[in-house]
2 protein chains.
Amino acid sequence: MAKSGEILSKLTEQGYRITPQRMMILDAIENAEDHISAEEILTLVCLQYPNVNISTVYRTLELLKQLGMVTETDFGDGRVRYHSIKKGRHHHLVCQKCGGIVDMEESIFNPVKETLLEQYGFDADIHHMAIFGYCKKCR
Amino acid sequence: MAKSGEILSKLTEQGYRITPQRMMILDAIENAEDHISAEEILTLVCLQYPNVNISTVYRTLELLKQLGMVTETDFGDGRVRYHSIKKGRHHHLVCQKCGGIVDMEESIFNPVKETLLEQYGFDADIHHMAIFGYCKKCR
DNA sequence: ATTATTGATACAAGGACTTGCAGTTGCATA
DNA sequence: TATGCAACTGCAAGTCCTTGTATCAATAAT
Ligand SMILES: [Zn+2]
Ligand SMILES: [Zn+2]
Ligand SMILES: [Zn+2]
Ligand SMILES: [Zn+2]
């Protein structure tokens, strides 16, 4: 399990700078109880330092995604949510009727990933997906 | 293979109306060469009747999605694209480096769908997905 | 130390949808 | 034909996110 320190050194290694904004944003994601939205991150960060802009949040999230530290998922409610890779890998099942969301183990896509590699030579990047459908009691 | 007539009668069956706007929008999607965006649909429709609004296009697309006549896919270029189910079911592999997009057979998710049904009782709605990753020559 | 260079930020404007609403259209019953 | 009702549309405003730009900060070169 990577520590925040590792993430920050990974930034410097690649020529990125460690700024107070980035530290606060990363902190907000890692300490979040649940999957967190950009607006929620901004609110938390602004408690510490009120002049941070939402565009900085989005740009930092883009950076953390590229570095593989954070995943982005659309649960279908009009805003995207973020999750630290440190807090475990998984996917979600989202019921289109009752709105229920349940966790799903990451290994479920292994057969698909293998097939894609064999048949298409494609290295699929399947992380923290939201699969839509109907749950047991709604279908 | 469903004809447009069937789609239109499916609308009336469920209490929806067949309006000129809806007919033109459906026509644009079904006659499109490729996966088409809302803005492109609007442009085509406005050639016939110039006063159609983009919100009508989006509302009609939402309706056609609900009826299972049209799929919506985000290829990661900032706008969502639509595809008529009449023109065949498939998924796509999108390379995050070269941007290449290749078709993929629909059956690839069958093992996942079966597992979800058995283990979670979840009826997954997996249609016209875009899977991101790296293609043979880019990885 | 001083200057150049590059990176990062805040702000504002823009793009892709979505939503609220008032007005219109089409259908049903009388 | 008139009246009521529900579906639909266009318009405008709003939301979420992205992008251009001038300014500011940190590192590198002089
Ligand atoms: Zn999750
Ligand atoms: Zn449900
Ligand atoms: Zn397709
Ligand atoms: Zn490629």
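Note that the structure is predicted; figures quoted are calculated from it, not measured.
Considering every non-hydrogen atom in both Arg17(B) and Leu11(B), the closest pair reads O-CD1, 4.5 Å. For the pair Leu42(A) and Val52(A), the tightest heavy-atom approach, listed with the atom from each and the gap, is CD1-O, 3.4 Å.
Rounded to whole Å, the distance from CG on Leu64(B) to P on dC8(D) is 12 Å. Distance CG (Asp77(B)) to P (dA16(C)): 10 Å, rounded to an integer number of Å. The interatomic distance linking Ile36(A) (CD1) with dC16(D) (P) rounds to 15 Å, in whole Å. The distance from atom CG of Leu61(A) to atom P of dC16(D) is 15 Å, rounded to the nearest whole Å. Atoms CE (Met23(A)) and P (dA26(D)) sit 13 Å apart, rounded to a whole Å. Whole-Å rounding puts the Gln66(B) CD to dA7(D) P distance at 13 Å. Regarding Ile54(A), its CD1 atom lies at a distance of 10 Å from the P atom of dT18(D), rounded to whole Å. In this structure, Arg79(B) places its CZ atom 11 Å from P of dT19(D), rounding to the nearest Å.
A salt bridge (Lys or Arg N to Asp or Glu O under 4.0 Å) check over residues 35-63 of chain B, counting only residues at least two apart or in different chains, returns the pairs Glu40(B)-Arg81(B), Glu62(B)-Lys65(B).
Formation of a donor-acceptor pair under 3.5 Å by the Asp27(B) side chain with backbone atoms of Met23(B) is not found in this model.
Base contact: Ser55(A) has a heavy atom under 4.0 Å from a base atom.
Ion pairing of Glu30(A) with Lys86(A) is present here, as a side-chain N (NZ or NE/NH1/NH2) and a carboxylate O approach within less than 4.0 Å.
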Evaluate the side-chain hydrogen bond (donor to acceptor under 3.5 Å, both in side chains) criterion for residues His90(B) and His128(B): first the C-alpha distance (whole Å), next the side-chain angles of each, then the deciding distance (0.1 Å), finally the verdict. CA-CA 6 Å; His90(B) 57 270; His128(B) 206 257; 3.2 Å; yes

Between protein and nucleic acid, restricted to nucleotides 7-9 of chain C and to nitrogen or oxygen atoms under 3.5 Å apart, what atom pairs and distances do you find?
| residue | atom | partner | partner atom | Å |
| --- | --- | --- | --- | --- |
| dG7(C) | O4' | Arg17(A) | NH1 | 3.4 |
| dG7(C) | O4' | Arg17(A) | NH2 | 3.0 |
| dA8(C) | OP1 | Arg17(A) | N | 2.7 |
| dA8(C) | OP1 | Arg22(A) | NH1 | 2.6 |
| dT9(C) | OP1 | Thr19(A) | OG1 | 2.7 |
| dT9(C) | O3' | Gln21(A) | NE2 | 3.0 |

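The side chain of Tyr58(B) contributes no N or O atom lying less than 4.0 Å from OP1 or OP2 of dT18(C).
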